[in-house]
Amino acid sequence: MKIIQLFGISAFASLAFLGSCKPKGTETAVSGDAAEKVYVAPGKYDEMYNFVSGGFNGQVNVYGLPSGRLLKVLPVFSVNPENGYGYSEETKPMLETSHGFIPWDDQHHLDLSQTNGEIDGRWLFANANNTPRVARLDLKTFKTVEIIELPNSAGNHSSPFITENTEYVVAGTRFSVPTDDQNGDVPINSFKENFKGVISFIGVDKETGKMDIRFQLQAPAVNFDLSHAGRGKSHGWFFFSCYNSEQANSLLEVNASQNDKDFIMAVNWKKAEEYLKAGKGRKVKTKYAHNTWNEETHTATSEMKEEVTVLDVAELKDICYFMPTPKSPHGSDVDPTGEYIVGSGKLAALIPVHSFSKMLKAIETKQFSGEYGGIPILKYEATLHGEVQKPGLGPLHTEFDGKGNAYTSMFVSSEVVKWDIKTLKVLDRQPTFYSVGHLMIAGGDTSKPFGKYLVAYNKITKDRFLPTGPELPQSAQLYDISGDKMKLLLDFPTFGEPHYAQAAPAELFTKNQLKFFDIAKNKHPYVTKGEAESKVVRQGNKVHVYMTSIRSHFAPDNIEGIKVGDEVYFHVTNLEQDWDVPHGFAIKGNQNAELLIMPGETSTLKWVPKKPGMYPMYCTDFCSALHQEMQGYVRVSPAGSNVPLTYSLNNKADNAQSPVKTAVTK
Ligand code: RUQ
Ligand code: CUA
């Protein structure tokens with residue numbers, strides 16, 4: 001909703017104020033064959049996966065296209081009680097930061113890994129906006145496997161955007177702040193002297209995907225909003241939109257909307273690499289967490305890093321150039337050929353399109369109109385390919401279909417506008433319901449878009465779905481873009497608030513998908529590879545339960561001799577070796593969340609009973625006809641009681657666990 005606040009009036013007031021902005025005749029906006037085009041018959045698969053940012057729910061949500069069916073919520077930056085992410089002992093380190101454990105974030109943008117400018121289906125990158133972090137999800141398992149915190153940053157909005165071979169995932173700070181080696185305890189109105197806008201270049205290992213911050217660029221204090229990598233001919237460059245070239249530190253809706261033009265900052269990252277190699281960076285002492293998931297131990301570790309290399313772009317010439325861009329640009333989008341860079345000025349009445357080749361020429365012939373923070377400003381006309389005239393009101397984001405067309409979201413006039421990249425002529429416009437933010441075409445920010453569908457992610461849904469109290473559902477709308485005219489096909493609700501999204505044909509992700517974890521390869525330190533190995537071990541007041549689960553019982557399922565004051569760790573290994581047979585685990589009074597353990601995996605629930613009594617535990621996931629029988633008891637005695645610590649499964653039968661066994665005490 002940030003855009004509308006720039007107008008100083010509420011969203012609805014503005015729609016009313018602009019009158020025509022709320023499109024009429026929703027029925028007529030849908031053509032007759034829409035249902036057929038989105039209908040995926042029971043038992044049939046969708047054509048594409050659509051990964052949608054969760055916004056303030058902090059997760060990534062996976063939908064099928066064209067049906068709009070929600071397939072899964074993938075936990076990334078927020079704890080997720082549904083499967084124990086952020087609650088189990090193994091996953092807690094994923095959410096560690098230099099500020100301690102953070103259970104939430106605001107997730108805006110996603111980018112799928114690419115090879116030669118095309119989506120390769122390996123990884124998905126996600127940003128955390130509030131406590132600056134970038135996550136990597138492995139699309140073999142659809143799990144978050146790595147999170148890296150970004151030092152010298154605040155409000156990681158211009159992130160995570162990747163280069164065409166996933167050399168880098170890049171993150172620009174929205175808020176400029178004093179860098180971590182400077183004293184941050186300074187007056188806010190010393191913004192101009194003390195604040196800096198820092199951009200992180202995170203290297204991605206070609207084989208493993210492992211991230212590490214190779215370098216950061218220290219740029220003048222502005223607000224970096226969005227970015228995209230150059231591709232094809234502009235590979236080696238990155239383009240960042242920024243607002244607040246006024247360098248205001250208060251009432252930005254007015255004070256950062258003064259200048260007629262702000263900038264798109266073009267960054268020559270290959271040049272930056274040269275400076276880095278030549279040792280031109282300054283080592284900045286800082287602290288940032290790097291959390292990695294180990295697929296063999298099924299456990300995350302968090303490491304605190306202490307140093308980062310920063311290149312000062314005001315000192316090191318020819319890394320950065322400013323391209324003036326009208327009125328607080330938001331989206332910075334590069335077309336599939338890499339030639340055109342589209343800036344969407346939230347307050348602009350036109351859409352400027354910069355030309356990469358003109359930009360190179362302008363740099364070469366020094367067509368500068370001045371400097372900003374030590375960085376040359378290129379002349380607007382010198383880099384401009386042209387302007388789309390009268391596109392609509394409030395342009396935000398642009399996507400491409402690979403056929404020479406661009407599609408821009410118009411927040412204020414609530415529409416998607418299709419235009420020709422070369423001629424800049426508007427070709428079509430269709431209403432959105434309402435106030436569209438991001439757009440997404442499958443592969444729409446790569447060298448090879450898949451076209452066919454466009455999804456609009458809207459900021460306001462009023463009157464589109466059954467109302468749900470003051471907080472209405474969030475929404476997406478699917479358009480068919482295969483013809484000359486866009487056709488609205490479907491509305492579907494989403495988790496809120498959706499921002500950027502990615503999509504690609506399903507085969508790219510199904511071909512390598514893992515169905516279960518091989519238990520023979522499980523290297524969890526507390527793994528139990530068979531019921532005969534299950535046991536209970538006391539170490540002082542810590543009790544480790546080596547537990548197994550298989551349809552439909554736990555081993556052991558009776559435990560006695562736990563005392564108030566004990567810390568109990570249930571290390572549950574799911575012995576199943578079959579697709580789609582998770583088991584859950586919960587025990588009365590557990591103060592975290594359930595565990596949901598995948599076949600072949602081990603997860604740990606910490607439990608600290610507060611009073612003596614009988615505590616049932618059970619499997620939470622309906623796993624067989626006798627799922628309801630998958631249960632057990634833990635007896636808790638007062639501190640100091642002499643009930644021996646014992647455990648059993650079926651204490652009468654000729655079972656490996658029989659008779660009752662006494663726990664080992666170390
Ligand atoms: S933003 S609605 Cu956070 Cu990507 Cu433009
Ligand atoms: Cu295991 Cu239900």
Side-chain angles (χ1 to χ4, degrees), residues 84 88-90 298 516-517 519-520 522 524-539 542-563 566-578 581-590 592 594-609 612-637 641-666:
S88 71
E89 295 309 295
E90 288 81 1
H298 301 279
F516 55 86
F517 298 100
I519 195 153
N522 182 327
H524 192 292
Y526 292 94
V527 66
T528 312
K529 292 199 176 173
E531 279 178 14
E533 291 168 33
S534 65
K535 60 184 178 189
V536 177
V537 175
R538 175 181 283 286
Q539 286 178 294
K542 291 196 170 53
V543 177
H544 293 281
V545 181
Y546 293 71
M547 187 182 262
T548 62
S549 61
I550 195 160
R551 279 163 288 181
S552 288
H553 59 272
F554 295 108
D557 67 0
N558 281 201
I559 300 171
E560 302 197 6
I562 301 292
K563 294 178 193 130
D566 282 348
E567 264 175 27
V568 184
Y569 294 87
F570 295 96
H571 307 286
V572 187
T573 300
N574 180 345
L575 296 176
E576 310 277 357
Q577 290 290 274
D578 198 357
V581 197
H583 291 286
F585 180 81
I587 182 160
K588 185 178 173 187
N590 73 265
N592 22 35
E594 70 156 345
L595 300 175
L596 191 66
I597 312 130
M598 296 306 127
E601 196 183 36
T602 305
S603 301
T604 303
L605 190 83
K606 180 180 173 183
W607 178 63
V608 187
M614 192 54 68
Y615 289 82
M617 56 188 183
Y618 73 104
C619 168
T620 53
D621 188 335
F622 211 108
C623 48
S624 77
L626 296 173
H627 150 81
Q628 202 69 351
E629 280 71 10
M630 195 164 173
Q631 63 175 52
Y633 289 104
V634 177
R635 171 183 170 192
V636 176
S637 307
S641 101
N642 50 19
V643 177
L645 185 60
T646 59
Y647 59 97
S648 64
L649 169 70
N650 193 14
N651 47 24
K652 291 199 298 292
D654 57 348
N655 186 283
Q657 285 295 323
S658 148
V660 175
K661 288 190 182 175
T662 305
V664 181
T665 303
K666 282 191 185 163

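Throughout, numbering of the chain's residues begins at 1 and tracks the sequence.
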What I want to check is whether the side chains of Glu90 and Thr604 have a donor and an acceptor closer together than 3.5 Å. yes

Thr602 side chain to Asn522 side chain, donor-acceptor N/O pair below 3.5 angstrom: yes

Take Val545 and Trp607 through the side-chain contact (heavy atoms from CB on, under 4.5 Å) test and state the conclusion after the steps. CA-CA 11 Å; Val545 181; Trp607 178 63; over 6 Å; no

When you look at Lys606 and Glu567, which way does the side-chain contact (heavy atoms from CB on, under 4.5 Å) test go after all the steps? CA-CA 7 Å; Lys606 180 180 173 183; Glu567 264 175 27; 3.9 Å; yes

For a quick test of reading the model, state the closest non-hydrogen atom pair linking [X] to [Y] and the distance between them.
| X | Y | answer |
| --- | --- | --- |
| Tyr633 | Pro616 | CD2-CA, 4.1 Å |
| Gln577 | Phe517 | NE2-O, 2.9 Å |
| Cys619 | His627 | O-CE1, 2.9 Å |
| Pro582 | Cys623 | O-CB, 4.1 Å |
| Val608 | Asp566 | CG1-O, 3.6 Å |
| Ser648 | Pro556 | O-CB, 3.4 Å |

Are there over 12 heavy-atom neighbours, none belonging to Gln628, within less than 6.0 Å of that residue's CD? no

Can you confirm whether Tyr618 is buried at OH, in the sense that more than 12 heavy atoms of other residues, nucleotides or ligands lie under 6.0 Å from that atom? no

In Å, rounded to the nearest 0.5 Å, how long is the span from [atom1] of [X] to [atom2] of [Y]?
| X | Y | atom1 | atom2 | answer |
| --- | --- | --- | --- | --- |
| Asn574 | Asp621 | CG | CG | 9.5 Å |
| Leu649 | Asn558 | CG | CG | 8.0 Å |
| Glu601 | Thr573 | CD | OG1 | 9.5 Å |
| His583 | Met630 | NE2 | CE | 4.5 Å |
| Tyr647 | Met547 | OH | CE | 12.0 Å |
| Glu89 | Phe570 | CD | CZ | 12.0 Å |

Begin from the C-alpha positions of Ser88 and Ser603 and carry the test side-chain hydrogen bond (donor to acceptor under 3.5 Å, both in side chains) through to its verdict. CA-CA 7 Å; Ser88 71; Ser603 301; 5.4 Å; no

Step by step, work out the side-chain contact (heavy atoms from CB on, under 4.5 Å) result for Tyr546 and Glu533. CA-CA 8 Å; Tyr546 293 71; Glu533 291 168 33; over 6 Å; no

Would you say that Asn592 contacts Leu605 through its side chain, given a criterion of any heavy-atom pair below 4.5 Å between the two side chains? yes

Could you tell me whether the side chain of Arg551 reaches within less than 4.5 Å of the side chain of Asp578, counting heavy atoms only? yes

Is the backbone N or O of Met617 less than 3.5 Å from a side-chain atom of Asn590, with the two atoms forming a donor-acceptor pair by type? no

Any donor-acceptor N/O pair, Lys529 side chain to Ala520 backbone, under 3.5 Å: yes

Check the pair Ile550, Glu576 against side-chain contact (heavy atoms from CB on, under 4.5 Å), reporting the backbone distance first and the verdict last. CA-CA 6 Å; Ile550 195 160; Glu576 310 277 357; 3.5 Å; yes

Measure from the ring center of Phe585 to the ring center of Phe554 and say whether it is less than 6.0 Å. yes

